[in-house]
Amino acid sequence: MRKRTVIYQVFTRLFGNANTMLQPNGTLEQNGCGHFADFDEGTLRRIKQLGATHVWYTGVIRHATTTDYSRYGVPRQTPMVVKGKAGSPYAIADYYDIDPDLASDPEKRMEEFVQLVERTHAAGMKVVIDFVPNHVAREYHSVCRPDNVKDLGEKDDSNLHFSTDNNFYYCWGHALDTSDIPHTEGPLYEECPAKATGNDQFGWRPGRGDWYETVKLNYGVDYCDAGGRSEHFNPIPDTWSKMTDILFFWAAKGVDAFRCDMAEMVPAAFWHWATDKVKFAYPHITFIGEVYNPSLYRQYLDAGFDYLYDKVGMYDCMRDIICHRRAAADITRQWQANNDFLPHMLFFLENHDEQRIASDFFAAQAQKGIPGMMAGAWLHTGPVMVYAGQEFGEAAMEEEGFSGLDGRTTIFDYWALGTLQRGFGDRRKMKRAERELLEAYTQILTLANTDDALREGDFYDLMYVNPQMQRQFAFMRKYRKEVVLVIANFDEEPASCAVNIPQHAFDYWQMEQKQTEATNLLTGQRSRIELRPDAPLCIDVPPLGGTALKFYL
C-alpha cells in the first residue's frame, strides 16, 4: 500500500521549552531552550497520532549563536554577524556538528541526536533535517569534520574573486563594510577581503535587509563574469565534493530526508550530480527542494528532487481565498498549472518562513485554515506539511526579540510557545478552540492516509460545472469502487450547496445513475443520495469546514 507523506515540522529549539517567564531578547539562561530529550516516546506517539509520517527537526546542525559554548570546544561567534541571541539556523557554523543548545549534555550532542533518530524510527516515523547548501555563517569553521576532510575555504585563494577551486567568492581589495548592518554590543566584525553575502550580494557592503550573517558558497558559477553569468562545471568544482560528503555524513546517521534550503540558488547540475550519488548508496533518501520559481520546477525535479515547495502557487492561492482576495475556483487554475508534476508538490499553509494563520497578519482565526487544509491535503497524492503549533492555533503575536512582531514564530530568539506547552504537556489546560482544531487537523491528516480514495485515488474537479460556488471548492476522488465527494467551505457561514456532477464524470468513471447510501467521513453520519447528471446533489456544509461523502459505485 502506497503511503502518503505527511511532514510535521518542529522548530526544535522552541518545541519542548517549558519556560513561561519569557523576556524579549532573552538569553539562553533567561528564556531556556527545548532539547532532543523532549521528544520522548509519548510526544512522538502524539505526533504520529496526528497523522504524521515524517518529523522535520528544524535547526539541528550547529549554527552561529551568541551563546558561549567555548568550554565544549565550539568557537565563539561575533554577535554583530549573528541575528538574534540564538541565531539563525540557516547560518551554519559547522556542517558536521549538532547545535549544542538542543542537547541535555552538550558534550554528547551527536549521541543524543542519533538517539532521537532511533526514537523517531521506533515510533514509526522518518526523520527530515535541513541541508543548507547555498550559504554558511560568516565565521564558519568546522571543528567536528572527519580527519580526512578539508574545511570550507581552507585552501581558497582569496586574491581571486572566482575560481572553481575556491569555496567562497571574494571581493578582492576590499574589507567587509559593516556600516549598514545593525551594530550590537561587543567587538566589531572584521573580514578582509570581504566574502560575497549569501543572498547573491557580491559587493563588500551588505545592508540590514541582506543575509549579512552569511556568505555565499561557490558551485562553479561566476556571477560577475564580464560577459555575464557563466558556468564552470568541468572539472567538478571543489564545493560539489565537499557538500556531497556532508549529505553522506548525515545519511549515515539515519536521516531519511533532506529539506534543501533555497535549492534554486544552487545550480541544478550540482543537484543532479549529488542526488544521484546519495540515492545510489541510500535509495530511500528523499530530497525536498525549496524552489519558488515555477519555471524551474521541471529542471529541479529532473535533477533528483522528490518534492518541491508549492509556495508560489497553491500556498499563495489558498491564502488569498482564506483572506477573501480570490474565489475558491482559483484552486483549479493552480493545480492545472502544475498538473504534470502535482504529486511532487509539497502542500502547506504554515512553515517557519510564513505567517501563522491565526496571526493578525494572515486570517486572525486559526479555524479559517481548516477548509484550506482539507482541499490542499485531499486534492492530490502529493505530500502535506504542518508546522508545530498550527494544529493548536498558534498565533505568533508576541514580540520575541530580533524577530519582532510579524506573525511568524521566531527562528532567531530563545522562546517558548504556550500552545505547544499545553498540547504536548498538560492537555487539561488546553482551550476548547485548541481541542476542536486539533481534532479537525487529526481527521484531515489521518484520512489522507487511511482512506484509499483520498490517499491514492483518481481526481475529478467539479468546479467547471459549479460556477455558482464562490466560497466553496468541490471535487471527487475515486479508488476502485470507492468515491469520496469533498466540499470545502471557506465561508464563515454554513452553505447549502447544489452540487452538479456532469455526465462526463459518469462516463469517465463508469458511474451508475442510482440512489445510494453515503457516509460523511468527518461525522460518520449516513444519508441517501441520488446520483444523476441532470439533478444536483443538495448538501449542507458547515462554516469554515467541509464535507467528505463516501459512496460506492
Side-chain angles (χ1 to χ4, degrees), residues 90-92 95-96 130-138 140-142 145 148-174 191 193-204 206 210-211 214-251 258 260-281 287 289-293 295-305 308:
Y90 297 99
I92 300 297
Y95 278 117
Y96 291 96
D130 293 281
F131 177 58
V132 187
N134 176 67
H135 49 268
V136 295
R138 283 269 170 203
Y140 181 93
H141 174 56
S142 177
R145 69 187 188 278
N148 62 336
V149 172
K150 297 294 183 184
D151 206 8
L152 287 168
E154 184 177 336
K155 291 196 169 184
D156 279 11
D157 183 349
S158 60
N159 293 308
L160 298 175
H161 166 72
F162 168 80
S163 168
T164 55
D165 293 328
N166 281 359
N167 300 133
F168 301 118
Y169 298 92
Y170 295 90
C171 304
W172 36 265
H174 297 275
E191 183 180 282
K195 300 184 182 77
T197 300
N199 58 321
D200 291 357
Q201 212 276 41
F202 293 93
W204 56 89
D210 290 315
W211 304 347
T214 68
V215 290
K216 173 84 173 179
L217 284 171
N218 168 16
Y219 284 83
V221 179
D222 187 350
Y223 294 88
C224 302
D225 194 335
R229 168 179 165 151
S230 59
E231 297 176 341
H232 306 267
F233 300 154
N234 188 15
I236 295 298
D238 182 72
T239 304
W240 288 27
S241 299
K242 282 188 169 72
M243 300 305 284
T244 304
D245 287 343
I246 291 163
L247 288 167
F248 274 109
F249 175 84
W250 292 104
F258 295 100
C260 301
D261 184 70
M262 297 309 300
E264 69 180 79
M265 296 182 76
V266 174
F270 161 75
W271 291 115
H272 193 285
W273 191 81
T275 59
D276 181 67
K277 291 181 179 300
V278 173
K279 289 186 177 186
F280 181 80
F287 284 87
E290 187 184 20
V291 176
Y292 292 138
N293 186 347
S295 69
L296 298 177
Y297 287 172
R298 175 56 61 196
Q299 182 179 357
Y300 279 81
L301 288 172
D302 289 344
F305 280 96
L308 301 178

Partner residues of Y292 under the side-chain contact (heavy atoms from CB on, under 4.5 Å) criterion, sequence neighbours left out: M262, E264, E290, Y309, K311, V312, D353
Qualifying salt bridge (Lys or Arg N to Asp or Glu O under 4.0 Å) pairs, either residue in residues 217-229, two or more places apart: R229-E231
Charged N-O contact under 4.0 Å between E154 and R145: yes
Side-chain H-bond candidate by donor/acceptor type, D156 with S158, under 3.5 Å: no
Name each donor-acceptor pair under 3.5 Å that joins a side chain in residues 267-278 to protein atoms two or more places apart or in another chain, with its distance.
from : atom 1 : to   : atom 2 : distance (Å)
W271 : NE1    : A263 : O      : 3.1
T275 : OG1    : W271 : O      : 2.6
T275 : OG1    : A303 : O      : 2.8

Distance in Å, T164 OG1 paired with I236 CD1, rounded so as to fall on 0.5 Å steps: 10.0 Å
All side-chain hydrogen bond (donor to acceptor under 3.5 Å, both in side chains) counterparts of N167, not counting sequence neighbours: D238, T239
Listing, residues 196-204 side-chain donor-acceptor contacts under 3.5 Å, not counting sequence neighbours, or none:
from : atom 1 : to   : atom 2 : distance (Å)
T197 : OG1    : R138 : NH2    : 2.6
N199 : OD1    : W211 : N      : 3.4
N199 : ND2    : D210 : OD1    : 2.9
D200 : OD1    : K216 : NZ     : 2.7
Q201 : OE1    : G203 : N      : 2.6
Q201 : NE2    : R205 : O      : 3.3

D261: salt bridge (Lys or Arg N to Asp or Glu O under 4.0 Å) partners, not counting sequence neighbours: R259
Qualifying residues under salt bridge (Lys or Arg N to Asp or Glu O under 4.0 Å), relative to K279, sequence neighbours excluded: D306
Listed partners of N148 passing side-chain hydrogen bond (donor to acceptor under 3.5 Å, both in side chains), at least two apart: none
Counterpart residues, ring pair (Phe, Tyr, Trp, His ring centres under 6.0 Å), relative to F162 (two or more places apart): H232
Main-chain N/O of H135 paired with Y90 side-chain donor or acceptor, under 3.5 Å: no
For Y300, all residues meeting side-chain hydrogen bond (donor to acceptor under 3.5 Å, both in side chains), sequence neighbours excluded: none
Residues forming a side-chain hydrogen bond (donor to acceptor under 3.5 Å, both in side chains) with Y223, sequence neighbours excluded: none
Spatial distance of atom CE (M243) from atom CG (L217) [nearest 0.5 Å]: 5.5 Å
Pairs satisfying salt bridge (Lys or Arg N to Asp or Glu O under 4.0 Å), at least one member in residues 159-173, at least two apart: none
Sidechain-backbone polar pair: Y219 side chain, M265 backbone, donor-acceptor under 3.5 Å: no
Distance in Å, Y140 OH paired with D151 CG, rounded so as to fall on 0.5 Å steps: 5.5 Å
